[in-house]
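Here the structure is laid out as structure tokens; the discussion comes afterwards.
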Amino acid sequence: MEIGFLLLTDHSESLNGKLYAMGGGWNMLRFAQLPVDHAFGIGFGVDVAWDEANQRHTLELETQDPDGERLGDELSFEIEVGRPPGSVTGQDQRVVISIQATATFSKPGPHAVVIRAGEREIGRSRFYVAELPPEMRQQQE
């Protein structure tokens with residue numbers, strides 16, 4: 001099992017095996033002041049190998065701060081994908097998932113969304129959190 005894609009979004013939804021994203025692909029969040037609660041979307045595709053089909057797999061997702069500490073709760077869920085009729089032998093099956101997350105950001109610097117299958121990390125998307133300097137905060141208001 002591998003990550004086919006991992007995209008941070010302002011909002012996303014998955015429907016019929018496709019990801020619909022608004023404001024996707026960012027890697028920087030700028031806030032007037034920290035700490036701040038912020039909602040965002042996480043869209044990803046998991047490619048399940050032929051020999052891993054028809055089995056349950058546990059995925060875990062977390063957001064990490066600059067020290068690698070988890071922000072909020074870890075999300076754990078199971079997926080299982082079958083082989084549809086007409087599949088080519090050896091073909092991966094992709095599962096597309098969208099999650100709306102909320103995190104409290106209290107430190108500037110590099111953060112990450114991390115996805116694991118069991119104990120193995122299969123995806124990571126780094127992003128940066130910045131606090132605006134005081135002179136720029138007034139311009140934002």
Side-chain angles (χ1 to χ4, degrees), residues 1-134 136-141:
M1 182 175 346
E2 300 293 333
I3 282 289
F5 66 89
L6 173 56
L7 187 68
L8 302 178
T9 69
D10 292 338
H11 178 79
S12 60
E13 297 178 23
S14 61
L15 181 64
N16 296 324
K18 294 181 180 179
L19 181 72
Y20 295 86
M22 293 177 53
W26 51 262
N27 71 342
M28 173 66 96
L29 294 172
R30 293 176 181 88
F31 299 110
Q33 194 168 356
L34 296 175
V36 64
D37 292 334
H38 183 71
F40 58 100
I42 304 166
F44 58 100
V46 179
D47 294 339
V48 179
W50 178 265
D51 60 342
E52 295 176 314
N54 300 314
Q55 302 172 39
R56 286 190 178 181
H57 301 280
T58 300
L59 297 179
E60 296 167 346
L61 184 143
E62 70 180 22
T63 303
Q64 296 178 348
D65 73 5
D67 300 321
E69 297 295 321
R70 182 183 315 136
L71 297 178
D73 295 330
E74 177 180 74
L75 176 63
S76 180
F77 55 96
E78 291 185 341
I79 63 168
E80 182 174 351
V81 62
R83 298 181 193 122
S87 295
V88 176
T89 302
Q91 176 183 357
D92 291 350
Q93 302 300 316
R94 178 167 283 174
V95 178
V96 177
I97 300 168
S98 176
I99 295 170
Q100 294 307 120
T102 302
T104 301
F105 297 108
S106 56
K107 296 179 183 179
H111 289 64
V113 169
V114 179
I115 301 174
R116 290 185 188 82
E119 296 296 316
R120 187 171 68 92
E121 182 178 311
I122 61 171
R124 175 179 292 263
S125 183
R126 287 180 45 140
F127 62 97
Y128 296 85
V129 172
E131 185 173 28
L132 295 174
M136 292 188 72
R137 290 181 198 163
Q138 293 173 348
Q139 294 172 3
Q140 293 287 343
E141 296 175 357

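As a basis for the values below, the full set of heavy atoms in this structure was taken, side chains included, without hydrogen atoms, waters or symmetry mates.
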Legend entry - Side-chain donor/acceptor of His57 to backbone N/O of Glu52, under 3.5 Å: yes
Legend entry - Polar side-chain atom of Glu131 near backbone of Leu34 as donor-acceptor pair, under 3.5 Å: yes
Check: [Y] and [X] side chains under 4.5 Å, non-hydrogen atoms:
| X | Y | answer |
| --- | --- | --- |
| Phe40 | Thr102 | no |
| Val48 | Asp92 | no |
| Leu8 | Val113 | yes |
| Asp47 | Met1 | no |
| Pro84 | Gln93 | yes |
| Ser76 | Leu59 | no |
| Glu60 | Leu75 | no |
| Phe127 | Thr63 | yes |

Separation between [atom1] of [X] and [atom2] of [Y], rounded to the nearest 0.5 Å:
| X | Y | atom1 | atom2 | value |
| --- | --- | --- | --- | --- |
| Thr89 | Trp50 | OG1 | CH2 | 4.5 Å |
| Tyr20 | His11 | OH | NE2 | 12.5 Å |
| Ile97 | Leu61 | CD1 | CG | 9.0 Å |

Non-hydrogen atoms of [X] and [Y] that approach each other most closely:
| X | Y | value |
| --- | --- | --- |
| Pro108 | Pro66 | O-CG, 3.4 Å |
| Pro35 | Thr104 | CB-CG2, 4.3 Å |
| Gly43 | Ser12 | N-OG, 4.1 Å |
| Leu7 | Gly24 | CD1-C, 4.2 Å |

Legend entry - side chain to side chain contact (heavy atoms under 4.5 Å, CB included) against Leu6, all qualifying residues, sequence neighbours excluded: Ile3, Ile42, Phe44, Ile115, Ser125
Inset, instruction - May I have all residue pairs that pass side-chain hydrogen bond (donor to acceptor under 3.5 Å, both in side chains) and include part of residues 105-121, sequence neighbours excluded? - result: Glu2-Arg120, Asp67-Lys107, Glu121-Arg124
Legend entry - Ser14 and Ser98 side chains, donor-acceptor separation under 3.5 Å: no
Legend entry - Heavy atoms of other groups near Arg83 CZ, more than 12 under 6.0 Å: yes
Legend entry - More than 12 heavy atoms of other groups within 6.0 Å of Met28 CE: yes
Inset, instruction - Evaluate the criterion side-chain contact (heavy atoms from CB on, under 4.5 Å) for residue pair Arg94 and Val46; output intermediate values, then yes/no. - result: CA-CA 5 Å; Arg94 178 167 283 174; Val46 179; over 6 Å; no
Inset, instruction - Show your reasoning for whether side-chain contact (heavy atoms from CB on, under 4.5 Å) applies to Leu71 and Phe105. - result: CA-CA 8 Å; Leu71 297 178; Phe105 297 108; 3.8 Å; yes
Legend entry - Residues that Glu80 engages under salt bridge (Lys or Arg N to Asp or Glu O under 4.0 Å), provided they are two or more places apart: Arg56
